[in-house]
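If you're wondering where the values come from, they're calculated on a predicted model, not measured in any experiment.
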Amino acid sequence: ANFYVGGGVNFGFVGAIVNKDDLIKGYFGSIGTRIYPLEKLPQLSVNYEISPYINNIQGTSGIIRSWLGVGYQFGGQKK
């Protein structure tokens with residue numbers, strides 16, 4: 001299994017140019033895992049991620065997002 005942690009900023013370039021909205025729409029962090037359950041098919045993974053998201057610069061609202069999915073790695077065997 002692989003684990004990862006990350007973070008980022010959600011930018012709204014078009015809204016900032018056209019509507020004079022804030023350039024920064026929100027902030028997020030994420031933590032997740034990729035699990036490779038099948039020895040005979042090592043490129044196949046089951047992925048889960050949870051990501052708190054703050055909706056605006058003031059930090060007055062937010063949500064917790066989560067994703068569950070299946071992935072496939074093309075181009076070689078996982079070692």
Side-chain angles (χ1 to χ4, degrees):
N2 295 337
F3 296 94
Y4 59 91
V5 176
V9 178
N10 181 8
F11 293 103
F13 293 107
V14 175
I17 294 168
V18 175
N19 297 330
K20 308 292 187 224
D21 289 341
D22 291 332
L23 176 62
I24 297 174
K25 298 293 183 187
Y27 305 95
F28 65 91
S30 61
I31 184 168
T33 185
R34 292 183 190 100
I35 300 168
Y36 300 91
L38 303 175
E39 286 187 30
K40 292 190 178 201
L41 192 58
Q43 302 94 338
L44 185 70
S45 65
V46 177
N47 310 316
Y48 178 73
E49 181 176 310
I50 188 165
S51 176
Y53 181 82
I54 299 171
N55 285 330
N56 54 29
I57 293 174
Q58 296 79 19
T60 57
S61 65
I63 57 174
I64 295 180
R65 309 178 292 186
S66 66
W67 289 274
L68 177 63
V70 175
Y72 187 85
Q73 180 180 349
F74 294 96
Q77 295 276 334
K78 179 187 172 296
K79 295 181 180 181

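Hydrophobic cluster membership is shared by F11 and Y27, with clusters built from Ile, Leu, Val, Met, Phe, Trp and Tyr side chains linked at under 4.5 angstrom. With hydrophobic clusters built from ILVMFWY side chains whose heavy atoms lie under 4.5 angstrom apart, I64 shares a cluster with I31. Hydrophobic clustering (ILVMFWY, side-chain heavy atoms < 4.5 Å, transitive): L68 and L44 are in distinct clusters.
Summarising the geometry, atom CD1 belonging to I54 is positioned 11.0 Å from atom CD1 belonging to I63; distances are rounded to the nearest 0.5 Å. Residue F3 holds its CZ atom at 6.5 Å from CD1 of I35, rounded to the nearest 0.5 Å. Residue N47 holds its CG atom at 6.5 Å from OH of Y4, rounded to the nearest 0.5 Å. How far CD1 of I50 is from OG of S66: 6.0 Å, rounded to the nearest 0.5 Å.
In this structure, the side chain of S45 does not engage the main chain of R34 through any donor-acceptor pair within 3.5 Å. In this structure, the side chain of T33 engages the main chain of N2 through a donor-acceptor pair within 3.5 Å.
Across all non-hydrogen atoms, the minimal contact from E49 to S30 is OE2-CB, 3.4 Å. Between Y53 and N10, the closest heavy-atom pair is OH-ND2, 2.8 Å. The heavy-atom pair separating V46 from P37 by the smallest distance is CG2-CG, 4.1 Å.
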- Task: Please assess V9 against F28 for the test side-chain contact (heavy atoms from CB on, under 4.5 Å), listing each intermediate value before the final yes or no.
- Result: CA-CA 6 Å; V9 178; F28 65 91; 6.0 Å; no
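Heavy-atom contacts from other residues, nucleotides or ligands closer than 6.0 Å to CG of L38 number more than 12.
No hydrogens or angles considered: nothing links the side chains of Y36 and Q43 as a donor-acceptor pair under 3.5 Å.
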